[in-house]
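First comes the structure, then the notes that go with it.
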Amino acid sequence: MSKYILALDQGTTSSRAILFDRDQNIIGVEQKEFNQIYPREGWVEQDPMEIFSSQYSVMMELLAKEDISPKDIAAIGIANQRETTIIWDKISGRPIYNAIVWQCRRTSGIVDDLVKDRELENHIRKNTGLIPDAYFSGTKIKWILDNVEGARERARNGELLFGTVDSWLIWKLCGENAARLHATDYSNASRTMIFDIHKLCWDERLLSALDIPREMLPQVYPSGHVYGTVNIQGAEIPIAGAAGDQQAALFGQCCFEKGELKNTYGTGCFLLMNTGYEPCESKNGLISTITAGLGGREKVQYALEGSVFVAGAVIQWLRDEMRFFDETKDSEYFAQKAEDTGGVYLVPAFTGLGAPYWDMHARGCIVGLTRGTKRQHIIRAAQESIAYQSMDLVRAMEKDLGTRISGLKVDGGASSNNFIMQFQADIINSPIHRPVIRETTALGAAYLAGLSTGFWKDLNEVKSKWQCEMTFSPAMEEERRAKLIAGWHKALGRSRDWAE
Ligand code: ADP
């Protein structure tokens, strides 16, 4: 009987491979960073071959280092950076252009043109669940087809394939069978801005608006699905799960039921709430997306999603640019050295504000400074800003859902900071639950692969093994909370509509 599940976590800056046993223990981790390419201001690319080779090599290194026989691996699950767009030649397997990364803003103009047609804008919001933006894959596909000579014609002739990173990895990993394995999952498809999240099919009207030939698009399957097999040293290992990283994390946090939610505290924050079998159309600046789910069910589940652009990154900024401390983890010590921020607020709107404000012209500010302001006040204010921004997302979700949340599961690098977690619990007035395994993205991919191959029996089994490491209970008086939140919103007002 196979003993392990292998999760491939293909992130924006690194590729990781993580091995889990049946009790969800991490047996080993390998990680490799790869190059980011910035050809111009605001443009971000990656080399698809390097994405693949880094992912493949960490997988092989992990097996070699841990001395694991491929025969002991029951299945592979993939979690990937979302929206990043790759187009490759079906015969040669070579990409025709670099991967255009989700952060890349080069297609803003295409989006501006699209939304001139108000009716089309509404169509995008309604059918894809998204707010039209260059972030999503659709306009990136159009850009490559418009700018690589002969590409559209070749795509029409069925010579080219489009994929997000999951599709690319599945196609590459499955080698010889590749022609049959041009596939993606619902959670990744729902980030392309050309996928109808209600009817679960590519949206003809958007394909035509962006002039994207239908022939180049992958087949879409549930996230938990046997996509194909990878031959490793003679063993055929099924790829049995694929999902976008944030949806994989929601799944890895066992948020299987409507109303359950998680917040990931990384460079930015990603808050996702399971909204059940019907998409919830946000009135508060959030987007709707398809969650990672298992096959066999007739209906997919949906989530509301909101993101904060700058979260953990403000701590990096204090460390690297302000030189307030040497090590990230020291930020917690300094925050706790101060009783409060002395009335200081820091709004890290370095690149504008994301949900629920969507103010591209906002810029960062530090307000409330006095002669008595000390370094630790600013350090504390920066950490509090991560919690305040997340609170604004939680409240927007609650408004959309019409109910209060009863708790929040957390993960990501900055979730290890106890000060931020306690302040988060205090400020949203709900308990925060931090799991033992914070590699929730990889764990979610592992769950999908393990559940769809019978390695784990059902959702109850994986849930029963999910362990909470620490709960942070709210302990702040209502009056203080209200005062602090009012101050935050006043500070936020100062940051808005700043850049010309
Ligand atoms: P990503 O996946 O976006 O690269 P990670 O989940 O690896 O992010 O988390 C890294 C981020 O978390 C960094 O921005 C870092 O500043 C922040 N971070 C890590 N540890 C701490 C800590 N103890 N306190 C505050 N922020 C932290």
Side-chain angles (χ1 to χ4, degrees), residues 7-18 26 29-36 44 46 54 58 79-84 101-103 135 165 244-250 252-253 262-272 305 307-338 346 348 350-351 354 364 376 378-390 409-424 432 434-435 437-445 469-470 472:
L8 305 181
D9 180 2
Q10 205 303 305
T12 308
T13 54
S14 71
S15 295
R16 288 141 59 76
I18 302 186
I26 293 180
V29 183
E30 274 304 311
Q31 172 164 356
K32 195 175 219 162
E33 290 197 3
F34 55 88
N35 283 314
Q36 308 290 319
V44 190
Q46 291 164 2
S54 59
V58 289
N80 59 287
Q81 54 168 319
R82 305 180 299 174
E83 297 103 11
T84 296
V101 180
W102 57 273
Q103 297 144 322
Y135 177 39
V165 172
D245 51 12
Q246 294 306 323
Q247 287 100 324
L250 187 70
Q253 288 272 28
K262 69 90 198 171
N263 195 16
T264 299
Y265 298 78
T267 310
C269 278
F270 286 93
L271 183 69
L272 271 79
E305 172 174 328
S307 47
V308 165
F309 297 149
V310 176
V314 71
I315 308 300
Q316 285 168 297
W317 176 75
L318 286 183
R319 186 194 61 192
D320 302 339
E321 309 303 331
M322 299 297 107
R323 300 190 177 271
F324 277 5
F325 42 82
D326 295 328
E327 301 221 23
T328 305
K329 64 173 171 29
D330 296 340
S331 59
E332 184 176 342
Y333 164 78
F334 284 113
Q336 277 165 340
K337 234 174 114 171
L346 187 157
F350 298 155
T351 53
Q376 57 258 38
I378 296 177
I379 296 173
R380 184 173 171 127
Q383 289 172 72
E384 291 187 357
S385 79
I386 299 174
Y388 285 127
Q389 293 182 94
S390 299
K409 289 176 170 175
V410 298
D411 53 54
S415 73
S416 61
N417 181 313
N418 291 339
F419 168 75
I420 299 178
M421 294 302 105
Q422 182 58 50
F423 191 75
Q424 186 72 83
I432 301 287
R434 188 168 67 188
I437 295 190
R438 279 176 238 159
E439 298 287 356
T440 47
T441 304
L443 185 60
E469 177 247 354
M470 182 118 102
F472 298 85

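Only this structure's heavy atoms are used, side chains among them; waters, hydrogens and symmetry mates stay out. In what follows, residues are counted from 1 in the order of the sequence shown. Order of listing sets the numbers, starting from 1, for every ligand and every atom in it.
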Do [X] and [Y] have a side chain donor and acceptor closer than 3.5 Å?
{"X": "Tyr265", "Y": "Gln424", "value": "yes"}
{"X": "Arg319", "Y": "Thr328", "value": "yes"}
{"X": "Glu33", "Y": "Thr13", "value": "no"}
{"X": "Gln46", "Y": "Gln81", "value": "yes"}
{"X": "Lys262", "Y": "Thr264", "value": "yes"}

Is there a polar contact between ligand 1 and [X], counting only N or O atoms under 3.5 Å apart?
{"X": "Thr13", "result": "no"}
{"X": "Gln316", "result": "yes"}
{"X": "Gly312", "result": "yes"}
{"X": "Gly413", "result": "yes"}

[atom] - nearest protein heavy atom and its distance:
{"atom": "atom 24 (N) of ligand 1", "value": "Asn417 ND2, 3.1 Å"}
{"atom": "atom 21 (C) of ligand 1", "value": "Thr328 CG2, 3.4 Å"}
{"atom": "atom 4 (O) of ligand 1", "value": "Thr267 OG1, 3.5 Å"}
{"atom": "atom 12 (O) of ligand 1", "value": "Ala414 N, 3.5 Å"}
{"atom": "atom 23 (N) of ligand 1", "value": "Ser416 OG, 3.7 Å"}
{"atom": "atom 8 (O) of ligand 1", "value": "Gly266 CA, 3.4 Å"}

Exercise for the section: Run the salt-bridge test on Asp245 and Arg82 with the 4.0 Å N-O cut-off and return the result as yes or no. Expected result: yes
Handout entry: Donor-acceptor under 3.5 Å (Gln253 side chain, Val410 main chain)
Key = yes
Taking only heavy atoms of [X], which atoms of ligand 1 are found under 4.0 Å from at least one of them?
{"X": "Gly412", "answer": "6 (O)"}
{"X": "Ile315", "answer": "16 (O), 25 (C), 26 (N)"}
{"X": "Ser331", "answer": "24 (N), 25 (C)"}

Exercise for the section: Hey, can you tell me if Phe350 and Trp317 have their rings parallel, tilted or perpendicular (30° and 60° cut-offs)? Expected result: tilted
Handout entry: Closer than 4.0 Å: a protein non-hydrogen atom to atom 18 (N) of ligand 1
Key = yes
Exercise for the section: Quick one: look at Ala313 and ligand 1, take heavy-atom pairs under 4.0 Å, and tell me if it's side chain, backbone, both or neither. Expected result: backbone
Problem - Phe325/Tyr333 under ring pair (Phe, Tyr, Trp, His ring centres under 6.0 Å): CA gap, chis, key distance, verdict - result: CA-CA 10 Å; Phe325 42 82; Tyr333 164 78; over 10 Å; no
